[in-house]
Protein chains: 4
Amino acid sequence: MIIQLDFESEKPIYQQLTEQIIEGIAKGDLQCGESLPSVRSMAADIGINLHTVNKSYQQLKAGGYIVIHRRKGVVVNPEGPPATDHAFRENLQESLRPYIAESFCRGLSQEEFQQFVSSIYRDMKGED
Amino acid sequence: MIIQLDFESEKPIYQQLTEQIIEGIAKGDLQCGESLPSVRSMAADIGINLHTVNKSYQQLKAGGYIVIHRRKGVVVNPEGPPATDHAFRENLQESLRPYIAESFCRGLSQEEFQQFVSSIYRDMKGED
Amino acid sequence: MIIQLDFESEKPIYQQLTEQIIEGIAKGDLQCGESLPSVRSMAADIGINLHTVNKSYQQLKAGGYIVIHRRKGVVVNPEGPPATDHAFRENLQESLRPYIAESFCRGLSQEEFQQFVSSIYRDMKGED
Amino acid sequence: MIIQLDFESEKPIYQQLTEQIIEGIAKGDLQCGESLPSVRSMAADIGINLHTVNKSYQQLKAGGYIVIHRRKGVVVNPEGPPATDHAFRENLQESLRPYIAESFCRGLSQEEFQQFVSSIYRDMKGED
DNA sequence: GTGGTCTAGACCACC
DNA sequence: GTGGTCTAGACCACA
């Protein structure tokens, strides 16, 4: 799996990494139980600082996406990430709100917005 | 129009303010051509520094949401913000992607996601 | 002669007014010796503050474009504005410099720049 | 590269700085990809506040002249600033207009004006 | 160490 | 009164 970072983005590198790994899991590029490179080798591979990778891994661990074994190293959570719960739904809606407000103001129709969502969902389900 | 800020949030205050004003415009709480409080009075009202308000206003001005008028002060852009363009669509899709990836991983169905979107869109169109 | 002000511009109103009057003189819309509305009536005509018009007139007077008679009111300097001198040349070159630097950076050829200048000069000489 | 500021000028300091950096890029004193001092060290070097430098840098970033890189710090945009577009041409012509009107009024010939332009363009192309 | 954010207080140009 | 500019000093997230 290839990681593409944008060092000029406002988005922190560790978060870009986190998101790409989650997307990798969503798309099935990373299977449950599959192992991830160690912090060290990941850092070396993509040429970033150790701490940055570590921060990302901690984030993924907190989110239940990966588990960090002392022996087996880093593996994608074999049981998959925890199911959507109430808190997640709440957060999601709050996060979506500003995007939709802006879209609405700028005349992007609900239909087109939904198409974007569908298209990305399709991308995840993947004809991969 | 009431502004609600969360000073504990990671989201910068000026951005919270920006988003709330955009939402206000979307919902029609702020009509096009209506004037906004001066940076000073807005700052006093919500108990933050005037520079923070100013930063938000500059952001809104750059986005075409408001206009800084030599005589009328700060007013909601009477012509409304610029219509959705290609760049906006691109950005939006890129922004949505991580939310959808995460939702997908956590088993949130596309249908439920779409319902969230619909619900927020309804909120904007507003039975207000 | 019609004055067009942009109240949303960053450029101060008094300066917009000054520039438009100078342009009027350049184009011959305002002939030397012709009289201009009084501060009061000009202010009323274009719907701005008295002081703003006054500031503009003072500027034009300082530049030798107009003379303010106690009796005859405001008239375009019958002898025309003072000829270009060394100071003016210096200032002009210093003012032009940033525009040219930016144009150069962004790949605007000298030829095209010169064409812009020619075109505006033609506009002044006027097929009016 | 040496920065020369005029603290007495009406022109804001941050804008003087911006213009000098653009000129530096135009003249080739600052090569594409070259890095600029951090806001802090630049501020210390020229004896101004770091926020003032920051404002200038933000302006340059918005104009595509520089890029704020997560690791390399502030660097001159390796791809150069965006090419001249329609909006830029329009703005440029509008900006030039008052200078030319004034020059015309004061009897500065088009030829001499063009010589100034040529001379500055030469300065940029630089026999450096 | 970097840039980003926030605050506080000041002066000025403009209207 | 307004917004725009500048300074000073602080904290934090990031790498």
Side-chain angles (χ1 to χ4, degrees), chain A residues 5 7-17 43 46-56 59, chain B residues 5 7 9-17 35-43 47-59 61 66-75, chain C residues 5 7-17 43 46-56 59, chain D residues 5 7-17 35-44 47-59 61 66-75:
Chain A
L5 300 177
F7 293 100
E8 297 169 9
S9 166
E10 302 176 357
K11 195 174 284 189
I13 293 177
Y14 79 91
Q15 200 176 337
Q16 293 182 46
L17 181 54
I46 55 185
I48 62 175
N49 193 295
L50 228 144
H51 299 92
T52 308
V53 177
N54 191 50
K55 184 154 187 177
S56 172
Q59 216 177 350
Chain B
L5 298 178
F7 294 97
S9 167
E10 312 174 342
K11 194 174 286 189
I13 295 177
Y14 76 91
Q15 200 177 337
Q16 293 182 45
L17 181 54
S35 53
L36 252 49
S38 73
V39 283
R40 276 181 176 76
S41 64
M42 172 67 93
I48 61 175
N49 189 282
L50 104 187
H51 292 109
T52 309
V53 177
N54 191 48
K55 183 155 187 177
S56 172
Y57 277 14
Q58 291 302 330
Q59 215 175 266
K61 179 183 164 192
I66 63 173
V67 153
I68 310 228
H69 197 282
R70 287 255 168 213
R71 295 187 301 176
K72 288 187 276 179
V74 183
V75 301
Chain C
L5 300 177
F7 294 99
E8 297 168 11
S9 166
E10 301 176 358
K11 195 174 286 190
I13 293 175
Y14 78 92
Q15 199 177 337
Q16 293 183 45
L17 181 54
I46 56 183
I48 61 176
N49 193 295
L50 228 145
H51 299 93
T52 309
V53 176
N54 191 51
K55 184 155 187 176
S56 173
Q59 216 178 350
Chain D
L5 299 177
F7 294 99
E8 310 300 317
S9 167
E10 311 174 342
K11 195 175 284 188
I13 295 177
Y14 76 91
Q15 200 176 337
Q16 293 183 45
L17 181 54
S35 53
L36 252 51
S38 74
V39 284
R40 275 182 177 75
S41 64
M42 173 67 92
I48 62 175
N49 190 282
L50 103 186
H51 292 110
T52 309
V53 177
N54 191 48
K55 184 155 186 178
S56 172
Y57 277 14
Q58 291 302 330
Q59 215 174 266
K61 180 183 163 192
I66 63 173
V67 153
I68 309 227
H69 197 280
R70 287 256 169 213
R71 295 188 301 177
K72 288 188 275 179
V74 182
V75 301

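Sequence lines set the chain letters: A, B, ... in the order given, protein chains first and strands last, and positions in each chain run from 1.
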>> Using every non-hydrogen atom in the two residues, find where D:Leu5 and D:Ile13 come nearest and quote the distance to one decimal.
In response: CD1-CG2, 3.7 Å

> At their closest point, which heavy atom of D:Ser56 faces which heavy atom of D:Leu17, and how far apart are they?
Replying inline: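 Scanning both residues completely, I find the closest heavy atoms to be OG-CG, 3.6 Å.
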
> Is there a side-chain contact between D:Tyr14 and D:Ile48 (heavy atoms, below 4.5 Å)?
Replying inline: no

> For B:Asn49, what residues pass the side-chain hydrogen bond (donor to acceptor under 3.5 Å, both in side chains) criterion, not counting sequence neighbours?
Replying inline: B:His51

> Which residues pass the side-chain hydrogen bond (donor to acceptor under 3.5 Å, both in side chains) test with D:Ser41, sequence neighbours left out?
Replying inline: D:Ser38

> Dot-bracket for DNA chain F, 5' to 3', counting Watson-Crick or G-U wobble pairs under 3.5 Å, with [ ] for crossing pairs and | for inter-strand pairs?
Replying inline: ||||||||||||||.

> Among all residues two or more places apart in sequence or in another chain, which pass the salt bridge (Lys or Arg N to Asp or Glu O under 4.0 Å) test with D:Lys72?
Replying inline: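 Salt bridge (Lys or Arg N to Asp or Glu O under 4.0 Å) check on D:Lys72 returns nothing, list empty.
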
> What residues form a salt bridge (Lys or Arg N to Asp or Glu O under 4.0 Å) with B:Lys61, not counting sequence neighbours?
Replying inline: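 Scan of B:Lys61 (salt bridge (Lys or Arg N to Asp or Glu O under 4.0 Å), adjacent residues dropped) gives none.
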
> Across the strands shown, which category fits B:Gln58 at heavy-atom distances under 4.0 angstrom: base, sugar-phosphate, nothing?
Replying inline: sugar-phosphate

>> Under 4.0 Å, heavy atoms only, any strand: does A:Ile13 hit a base, just the sugar-phosphate, or nothing?
In response: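 Touches sugar-phosphate only.
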
>> Tell me whether the side-chain N/O atoms of A:Tyr14 come closer than 4.0 Å to OP1 or OP2 in F:dC14.
In response: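 Yes.
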
>> Is D:Arg71 close enough to F:dA15 that one of its side-chain N or O atoms is under 4.0 Å from OP1 or OP2 there?
In response: no

>> Between C1' on F:dA13 and CD on B:Glu10, what's the gap in Å once rounded to a whole number?
In response: 10 Å

> Just the endpoints, please: which first and last nucleotides of DNA chain E, 5' to 3', lie under 4.0 Å from a heavy atom of chain C?
Replying inline: E:dC14 to E:dC15

> DNA chain F: D:Asn49 or B:Val39, which has the more 5' nearest nucleotide?
Replying inline: B:Val39

>> Nearest heavy atom decides the nucleotide; on that basis, is D:Lys55 or B:Ser41 closer to the 5' end of DNA chain F?
In response: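 The residue whose closest nucleotide sits nearer the 5' end is B:Ser41.
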
>> Can you confirm if the NZ or CZ of B:Arg70 lies within 45° of the ring axis of C:Phe7 and under 6.0 Å from the centre of its six-membered ring?
In response: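 Verdict for C:Phe7: no cation-pi partner in B:Arg70.
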
>> Using modelled atom types and a 3.5 Å cut-off, is there a donor and acceptor pairing between side-chain atoms of C:Gln16 and backbone atoms of C:Lys11?
In response: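 Yes, C:Gln16 side chain to C:Lys11 backbone: donor-acceptor pair under 3.5 Å.
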
> Nearest nucleotide by nearest heavy atom, which residue falls closer to the 5' end of DNA chain E, B:Arg40 or C:Gln15?
Replying inline: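 Checking each residue's closest nucleotide, the 5'-ward one belongs to B:Arg40.
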
> For DNA chain E, whose closest nucleotide is more 5', that of D:Lys61 or that of C:His51?
Replying inline: D:Lys61

